[in-house]
Amino acid sequence: MINITLPDGSVRQYQKGINSYDIALSISEGLARNVFAAEVNKAMWDLERPINNDATVRLITWNDDEGKDIFWHTSAHLMAEAIEILYPGVKFGIGPSIETGFYYDVDFLDYAISSDDFKKIEDKMAELVAQKQPIVRKEVSKAEALSYFEKKGDEYKVELIRDLEDGTITFYQSGDFVDLCRGPHLPNMGFIKAIKLLNLAGAYWRGDEKRKQLTRIYGVTFPKKKELDEYLLLLEEAKKRDHRKLGKEMELFTFSQKVGVGLPIWLPKGAALRERLENFLKKVQKEYGYQQVICPHIGNVELYKTSGHFQKYGADSFRPITTPQEGEEFFLKPMNCPHHCEIYASKPHSYKDLPLRIAEFGTVYRYEQSGELHGLTRVRGFTQDDAHIFCTPEQLEEEFCKVIDIVLYIFKTLDFKEFTAQISLRDPDNKEKYIGSDENWQKAEDAIMHAAKQRNLNTTVEIGEAAFYGPKLDFMVKDAIGRKWQLGTIQVDYNLPERFDLEYIGSDNLKHRPIMIHRAPFGSMERFVAVLIEHTGGNFPLWLTPTQAIILPISDKYQEYAEEVCKKLSKMDVRVTIDDRSEKTGKKIRDAELQKIPYMIIVGEKEMNENSVSIRQHGVGDLGSMTIDGFATLINSQIEELLSSE
RNA sequence: GCCGUUGUAGCUCAGUGGUAGAGCGCUUCCUUGGUAAGGAAGAGGUCACGAGUUCAACUCUCGUCAAUGGCUCCA
């Protein structure tokens with residue numbers, strides 16, 4: 001007999017050699033039906049693998065993250081099996097599960113494959129599911145593994161096996177399809193009740209753009225049809241919120257081929273929205289002791305040689321601008337930091353001047369490969385809500401905390417409720433990738449960790465993701481439908497102060513090197529507005545939205561009164577327009593609702609006589625009538641309440 | 001940059017080797033209507049661009065550009 005410890009701490013006795021399925025069955029039949037695999041002494045095991053010693057066992061179902069991982073990983077095998085049957089001779093790369101679903105990289109040889117083939121593959125997968133094929137694990141020696149795939153002619157698997165250690169290699173077989181795989185897997189394919197192949201893309205073998213490009217097929221599966229339907233609905237919802245679509249519909253921004261790809265053009269409504277965001281941040285920053293500066297859009301090549309950016313990125317930048325006579329070279333500004341370093345260097349500093357916080361909405365230009373461009377989130381010209389803080393080592397942590405406070409205030413104001421802070425540290429085994437002394441790195445990393453802890457941030461740590469000049473903290477927010485976006489960033493930099501030879505006189509009357517903090521709470525205006533559009537679905541908060549209210553006269557007879565109301569409200573800082581078309585009220589309401597305008601003001605005979613307005617709220621309905629002043633107060637107090645809730 | 005897909009009216013999209021279509025929007029007229037679509041008429045297109053095949057190309061082929069889904073990249 002062996003002792004099995006379950007997650008609730010209870011210990012049960014079983015015959016030696018029992019498997020996790022039978023353990024599940026001994027608990028309940030329902031559990032046994034739903035269990036995929038088990039965590040045995042912290043390792044993931046297949047259900048049917050016998051347990052011969054005392055162990056701690058956690059049964060894994062769909063409700064566990066590991067369960068989804070197993071489910072989708074098995075689904076990748078299922079798809080590969082179907083593909084192998086339909087396209088004999090194809091070769092397989094890797095086929096992992098991903099955050100939602102799975103993919104498999106396939107070398108389709110001479111087969112021409114397109115999304116039209118998905119139906120065929122899905123049908124074959126369903127057919128295999130109906131057979132409830134068992135998935136069988138087999139331990140093989142490295143020699144056996146190599147010989148199998150060499151014989152099969154699959155050089156990708158052979159390459160993978162070469163990197164593995166003998167004695168750790170397992171195969172998984174379903175039907176005639178055999179794959180190199182660590183597992184674990186579902187006990188059989190019968191669990192996979194709903195299948196959808198989503199898209200198809202090129203993907204380099206092992207992510208190396210010099211190597212062969214395989215065809216990657218993405219798919220998603222679920223244990224219940226209903227869950228697939230819900231997922232597809234979510235995709236629909238995401239499509240509706242797409243900032244590129246809404247940005248066009250709401251006339252916020254546009255692109256022009258003649259102006260150039262990846263160069264967003266802000267239309268009046270979008271520009272006004274952006275300006276409100278900028279003013280909001282400027283006001284906050286002023287309270288935190290920042291000073292605004294303005295720098296030119298180009299910089300002499302020497303500036304970037306000093307900063308080191310020329311050496312690192314010069315070849316991948318827009319080509320330099322040269323003067324016709326003197327042969328000077330300028331680069332379009334790809335970041336604001338070197339300019340700001342020169343501002344610091346423009347006069348001597350005492351420790352009493354620090355921290356110096358200089359801020360700029362700085363427009364920068366970066367060459368991005370054409371295939372990278374995406375709406376407002378990846379562009380070639382954008383404006384950073386940038387600032388650089390020059391401080392003493394003693395001030396670093398406090399300054400860092402203050403930046404976190406600004407970011408938290410912004411998130412709160414803009415209703416981003418869920419977020420995590422990703423702390424990127426350097427890879428200690430790869431120190432040559434970074435510059436600066438161990439001591440400084442240690443100090444900077446400690447400062448970030450302490451600051452994050454002090455502000456109670458929910459953090460994740462990524463080793464090796466630091467910038468080459470220092471560690472950083474990036475905020476990842478979850479939007480209203482659960483998608484993750486990277487927004488603000490805070491970085492600690494020991495490098496640029498060194499390169500620009502920046503210094504201050506300390507209390508000891510000696511020269512010291514300041515530390516620089518780079519920070520952009522929004523990231524960039526473009527990216528932030530894009531995320532805001534997708535987060536709100538275009539229903540911006542009242543203080544930001546382009547049009548806060550629209551006046552709908554019941555008929556042309558009340559046009560004059562409508563104009564009077566419009567004038568009065570505008571004077572009280574309400575952004576209001578009039579729908580003066582000769583349409584019925586129902587039509588005007590419908591259009592205003594579709595335009596996502598927060599308030600509709602209906603005026604007719606009754607309102608004109610009473611000198612009042614009838615209000616309808618977007619997505620809510622009729623709010624009844626009130627005075628014009630009353631409505632302006634309603635709107636302005638709502639905004640005030642939100643913006644003063646620090 | 002690489003692989004796949006797409007490109008028809010301002011927008012969303014049908015369509016065919018033989019004179020270019022719908023809905024919405026726009027203009028004009030009728031209607032003056034009280035909380036999600038009143039009616040009629042009209043304007044609007046080098047079918048992304050360039051070559052080729054053909055008696056004939058928006059349609060087929062090739063190329064270019066752009067958008068798009070990924071990959072790689074992201075100071």
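Convention: sequence-line order gives letters A, B, ...; per-chain numbering from 1. Any value given below was found using the heavy atoms of this structure, including those in side chains, with hydrogens, waters and symmetry copies removed.
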I want to verify a distance call: between B:U35, B:U32, B:G38, whose nearest atom is closest to the A:S614 side chain?
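It is B:U35.
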**Request:** Compare the minimum distances between each of B:G38, B:U35, B:G34 and the side chain of A:I554, then state the nucleotide with the smallest one.
**Result:**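 For A:I554, the side-chain atoms sit closest to B:G34.
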Does the pair [X]/[Y] count as a salt bridge with the N-to-O cut at 4.0 Å?
{"X": "A:R241", "Y": "A:E534", "result": "no"}
{"X": "A:R499", "Y": "A:D501", "result": "no"}
{"X": "A:D229", "Y": "A:K196", "result": "no"}
{"X": "A:E465", "Y": "A:K472", "result": "no"}
{"X": "A:K596", "Y": "A:E249", "result": "no"}
{"X": "A:E99", "Y": "A:K68", "result": "no"}
{"X": "A:E237", "Y": "A:K240", "result": "yes"}
{"X": "A:R216", "Y": "A:D105", "result": "yes"}
{"X": "A:K557", "Y": "A:E605", "result": "no"}

Could you check how far [atom1] of [X] sits from [atom2] of [N], rounded to whole Å?
{"X": "A:E249", "N": "B:G10", "atom1": "CD", "atom2": "P", "value": "17 Å"}
{"X": "A:E560", "N": "B:U32", "atom1": "CD", "atom2": "C1'", "value": "16 Å"}
{"X": "A:K606", "N": "B:G33", "atom1": "NZ", "atom2": "C1'", "value": "17 Å"}
{"X": "A:R616", "N": "B:A36", "atom1": "CZ", "atom2": "C1'", "value": "6 Å"}
{"X": "A:L552", "N": "B:G33", "atom1": "CG", "atom2": "P", "value": "16 Å"}
{"X": "A:M608", "N": "B:U32", "atom1": "CE", "atom2": "C1'", "value": "13 Å"}
{"X": "A:K239", "N": "B:U12", "atom1": "NZ", "atom2": "P", "value": "13 Å"}
{"X": "A:L197", "N": "B:U5", "atom1": "CG", "atom2": "C1'", "value": "16 Å"}

**Q.** Paired stretches of RNA chain B - 3 or more consecutive Watson-Crick or G-U pairs, each distance under 3.5 Å
**A.**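 Result, WC/G-U stems under 3.5 Å: B:1-7 with B:65-71, B:10-13 with B:21-24, B:26-30 with B:38-42, B:48-52 with B:60-64.
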Mind checking if A:E607 touches a base, just sugar-phosphate, or nothing, with heavy atoms under 4.0 Å?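 If one applies the 4.0 Å heavy-atom cut-off, A:E607 turns out to touch a base.
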| How is A:S582 classified with respect to the nucleic acid when contacts are heavy atoms under 4.0 Å: base, sugar-phosphate, or nothing? |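 It contacts base atoms.
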Can you tell me, in whole Å, how much space there is between the [atom1] of [N] and that of [M]?
{"N": "B:A57", "M": "B:G38", "atom1": "C1'", "value": "44 Å"}
{"N": "B:U46", "M": "B:G42", "atom1": "C1'", "value": "23 Å"}
{"N": "B:C24", "M": "B:C60", "atom1": "C1'", "value": "33 Å"}
{"N": "B:C65", "M": "B:C49", "atom1": "P", "value": "16 Å"}
{"N": "B:A9", "M": "B:C3", "atom1": "C1'", "value": "33 Å"}
{"N": "B:G69", "M": "B:U53", "atom1": "P", "value": "37 Å"}
{"N": "B:C13", "M": "B:C58", "atom1": "C1'", "value": "16 Å"}
{"N": "B:G45", "M": "B:U19", "atom1": "C1'", "value": "14 Å"}

So if I define the base as every atom that isn't primed, P, OP1 or OP2, how would [range] read as a B/S/- string at a heavy-atom cutoff under 4.0 Å?
{"range": "nucleotides 24-29 of chain B", "value": "-S----"}
{"range": "nucleotides 45-50 of chain B", "value": "------"}
{"range": "nucleotides 62-75 of chain B", "value": "---SSSSBBBBBBB"}

- Task: Could you name each residue pair satisfying salt bridge (Lys or Arg N to Asp or Glu O under 4.0 Å) that touches residues 521-533 of chain A, not counting sequence neighbours?
- Result: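 Sorted result for residues 521-533 of chain A: A:R274-A:E526.
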* Nearest 0.5 Å please: distance from the CZ atom of A:F390 over to the CZ atom of A:R513. =>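 Result: 12.5 Å between the selected atoms.
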Is a donor-acceptor pair below 3.5 Å formed from side chain A:E251 to base B:G10, judging by atom type as modelled?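 No such pair is found, so the answer is no.
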Under 30°, 30 to 60°, or over 60°: which ring-plane class applies to [X] and [Y], parallel, tilted or perpendicular?
{"X": "A:H77", "Y": "A:Y104", "result": "perpendicular"}
{"X": "A:F631", "Y": "A:Y599", "result": "perpendicular"}
{"X": "A:H243", "Y": "A:F253", "result": "tilted"}

* Does A:R380 or A:D556 map to a spot on RNA chain B nearer the 5' end, using the closest nucleotide for each? ->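 Mapping each residue to its closest nucleotide by heavy atoms, the 5'-most match is A:R380.
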Closest nucleotide of RNA chain B for A:K557 versus for A:I589: which of these residues is on the 5' side?
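The 5'-side residue here is A:K557.
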Is the backbone of A:Q548 close enough, under 3.5 Å, to the side chain of A:R575 for a donor and an acceptor to pair up by distance?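 Answer holds: no.
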Exercise. Listed by chain and number, what are the side chain to side chain contact (heavy atoms under 4.5 Å, CB included) partners of A:I578, not counting sequence neighbours?
Worked result: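 By the side chain to side chain contact (heavy atoms under 4.5 Å, CB included) rule, A:I578 matches A:I551, A:P553, A:Q559, A:A562, A:E563, A:C566, A:D580.
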